[in-house]
Amino acid sequence: MPDEMEEIIQDFIIETQEILDGLDEKFVDLEKDRSNQDLLNEIFRSIHTLKGASGFLGFNQMVELTHTTENVLKKLKDGLLEVTPYIMDVILEAVDLMKLLLVHIKEKDGKEEDLSGIVSKLQAIENGTVTENTEEPPPSRAEEAPDKVRAGEASADSLDEDPPDQPGAEKVEEQAPSVQSGEKEKIHVEQTLRVDIERLDNVLNLVGELVLARNRLMKITSNIEARHPEAPETSMLTETTAFLSLITTDLQLAVMKTRMQPVKKVFNKFPRMVRDLARSRGKKVELIINGEETEVDKSVIENIAARSPREERPRSRHRNTGRAGESGKAFPWNRKALCITGRQQHSDRNRRRREGNGCGHHPAESR
Amino acid sequence: MFDTNMKILVVDDFSTMRKIVRNVLKQLGYSNIEEAEDGAQAYSKLKDSTFHFVVSDWNMPNMDGLEMLKKIRSDPELKDLPVLMVTAEAEKDKVIAAIKAGVNNYIVKPFTAETLKQKMEQIYERLNNG
């Protein structure tokens with residue numbers, strides 16, 4: 001049954017990709033709320049699941065990596081280890097490697113990665129042989145930072161008073177209810193259906209044909225109207241055509257909507273990217289994302305996502321967070337925030353809504 | 001051995017795993033299979049229609065396998081339903097807890113069709129001789 005196997009592997013790739021993409025976000029949340037047991041359990045379960053399925057499918061490198069990562073996560077989950085920035089660094093490195101292994105699985109290139117480095121790091125953490133030294137954040141490079149840190153548009157000045165030894169210690173109001181929203185999402189996921197994009201495109205094409213036919217019909221109707229304005233059939237035809245036209249327009253919008261995806265899919269990459277950047281620079285950066293529920297066509301999402309987030313400079317403005325944030329509350333800490341804003345989508349006709357959220361809109365964003 | 005027409009419920013939160021288990025069961029001739037994403041969904045399915053066998057994962061959101069097993073055993077309608085638990089590796093504590101809760105057998109993943117067959121045969125024999 002090679003076909004069935006192939007189908008299972010394809011499913012595995014899609015599902016694993018979803019898990020790994022979700023993990024970045026979960027880890028960044030965990031770093032902010034280190035005692036969040038639910039989140040830890042969720043992360044553990046994801047890696048555990050991945051290990052189980054990889055074992056069945058014979059993806060041995062994936063098994064090895066997920067197994068050693070799982071061991072560390074189990075100790076974290078059971079409270080035998082504490083989440084430190086160093087441990088997070090290593091686990092995130094492992095997750096990155098899992099992504100790479102998945103690429104090899106996807107491309108069937110038979111390539112293997114050298115896992116010895118990461119495995120021994122994970123094992124050292126698991127066995128408690130990590131020295132205190134390595135748990136310190138990497139050396140701060142504040143002096144040289146201002147220019148380079150702009151890669152992520154996070155400003156590096158005015159951070160001197162905030163020693164970088166406890167990144168993520170404060171809780172962020174905007175992101176605090178992450179677990180609850182996660183649960184909501186789960187309920188939502190159960191109500192969704194995965195459909196081949198070709199089928200949707202096919203429906204879209206058919207609707208396009210329908211629109212053309214409708215337009216012709218409307219033209220014919222208006223000709224008849226001009227010629228036989230008094231005939232009772234004419235008014236019936238006009239009425240029916242108008243109704244058909246309305247339905248066709250609604251159908252067209254509904255079909256286009258099926259291809260819409262929240263821009264959150266792209267923004268989800270930023271928390272991890274900003275976290276890594278902040279950590280490598282020894283800075284505290286608070287990332288605030290607005291309007292991630294804005295929906296755009298799938299092709300647009302893919303276009304944005306195709307560009308590496310490191311090359312992509314998010315259109316954003318940094319601001320001193322001493323001022324009022326979008327929730328109307330002043331941020332008490334002295335550091336810079338990075339703010340990414342998706343345009344608020346209001347109706348089918350893409351009416352724009354601007355919110356006075358204090359986040360500062362870049363003129364380019366509203367285009 | 002069990003009738004190959006019996007209705008089996010496969011419980012796992014990872015859909016790829018459900019497909020894998022379904023595939024292994026199919027190799028043994030079982031094709032009357034339904035799926036559930038977690039213990040809670042499984043329990044409500046079990047209440048809704050008659051199943052003859054359950055293959056369940058352990059670690060799942062909402063209601064995990066052990067909790068589901070306890071619910072099944074304390075339900076007068078379902079208490080005799082054979083349950084086979086799937087675990088990632090032989091974890092002693094877990095297995096002991098499951099045996100206490102009345103699991104019929106457990107299987108360590110990854111497993112082959114042959115291993116699954118043996119485990120199912122053991123369950124069948126115990127049910128019919130015990």
Side-chain angles (χ1 to χ4, degrees), chain A residues 1-20 22 26 38-60 62-63 66-67 70-71 73-74 77-78 102 105 179 182-187 189-194, chain B residues 10-31 33 35-42 44-45 55-68 84-94 97 106-116:
Chain A
M1 55 196 85
D3 277 358
E4 277 174 34
M5 238 8 239
E6 187 52 39
E7 206 187 305
I8 289 174
I9 290 174
Q10 288 311 318
D11 282 356
F12 172 83
I13 291 168
I14 295 171
E15 236 182 336
T16 305
Q17 192 70 58
E18 277 169 12
I19 285 186
L20 291 176
K26 282 178 191 153
D38 289 344
L39 201 51
L40 256 172
N41 283 338
E42 227 174 281
I43 292 170
F44 175 82
R45 192 167 50 236
S46 301
I47 299 285
H48 182 80
T49 301
L50 205 51
K51 184 180 83 168
S54 303
F56 269 103
L57 299 171
F59 301 138
N60 297 332
M62 191 68 103
V63 174
T66 45
H67 178 69
E70 183 191 358
N71 288 346
L73 287 170
K74 190 168 189 335
K77 184 170 80 96
D78 296 344
L102 188 66
I105 292 169
V179 181
E183 276 165 13
K184 267 183 215 153
E185 256 165 45
K186 229 169 272 158
I187 295 164
V189 164
E190 285 172 13
Q191 293 173 331
T192 58
L193 182 67
R194 206 172 267 151
Chain B
V10 174
V11 194
D12 200 306
D13 57 322
F14 197 57
S15 91
T16 312
M17 267 310 301
R18 294 197 297 271
K19 279 204 178 135
I20 290 171
V21 174
R22 188 189 265 270
N23 199 16
V24 178
L25 283 166
K26 223 169 146 187
Q27 288 176 45
L28 298 177
Y30 300 98
S31 53
I33 300 164
E35 298 178 5
E37 284 176 18
D38 57 50
Q41 206 189 78
S44 73
K45 283 204 171 193
V55 181
S56 176
D57 186 35
W58 206 297
N59 203 336
M60 294 178 291
N62 301 328
M63 189 194 283
D64 67 14
L66 187 61
E67 223 179 303
M68 180 194 73
L84 175 68
M85 287 282 236
V86 179
T87 154
E89 64 261 345
E91 285 166 298
K92 254 191 183 169
D93 301 350
K94 278 188 164 188
Y106 70 94
I107 187 163
V108 180
K109 63 181 166 185
F111 52 80
T112 59
E114 191 49 41
T115 320
L116 180 63

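Throughout, a chain's letter reflects where its sequence line sits, starting with A, and its residues are numbered from 1.
- Among all heavy-atom pairs drawn from Asn23(B) and Glu4(A), the shortest one is OD1-OE1, 2.8 Å.
- For chain B, the option among Val63(A), Ile8(A), Asn41(A) with the highest count of heavy-atom pairs below 4.5 Å is Ile8(A).
- Nearest heavy atom pair, residue Ser15(B) against residue Glu15(A), reads N-OE2, 2.7 Å.
- Other residues, nucleotides and ligands contribute over 12 non-hydrogen atoms within 6.0 Å of the NZ atom of Lys45(B).
- Residue contact with chain B, scored on non-hydrogen atoms closer than 4.5 Å, involves the side chain of Ile19(A) exclusively.
- For the atom pair OG1 (Thr49(A)) and CG (Asp57(B)), the distance works out to 6.5 Å, reported to the nearest 0.5 Å.
- Contacts of Ile14(A) with chain B are absent, with no heavy-atom separation under 4.5 Å from either backbone or side chain.
- Counting heavy atoms from C-beta outward, Asp11(A) and Phe14(B) have side chains that stay 4.5 Å or more apart.
- The shortest distance between side-chain heavy atoms of Phe12(A) and Lys19(B) does not fall below 4.5 Å.
- A heavy-atom distance below 4.5 Å is not found between the side chains of Thr16(B) and Thr16(A).
- Atoms OG1 and NE2, on Thr87(B) and His48(A) in that order, are 6.0 Å from each other to the nearest 0.5 Å.
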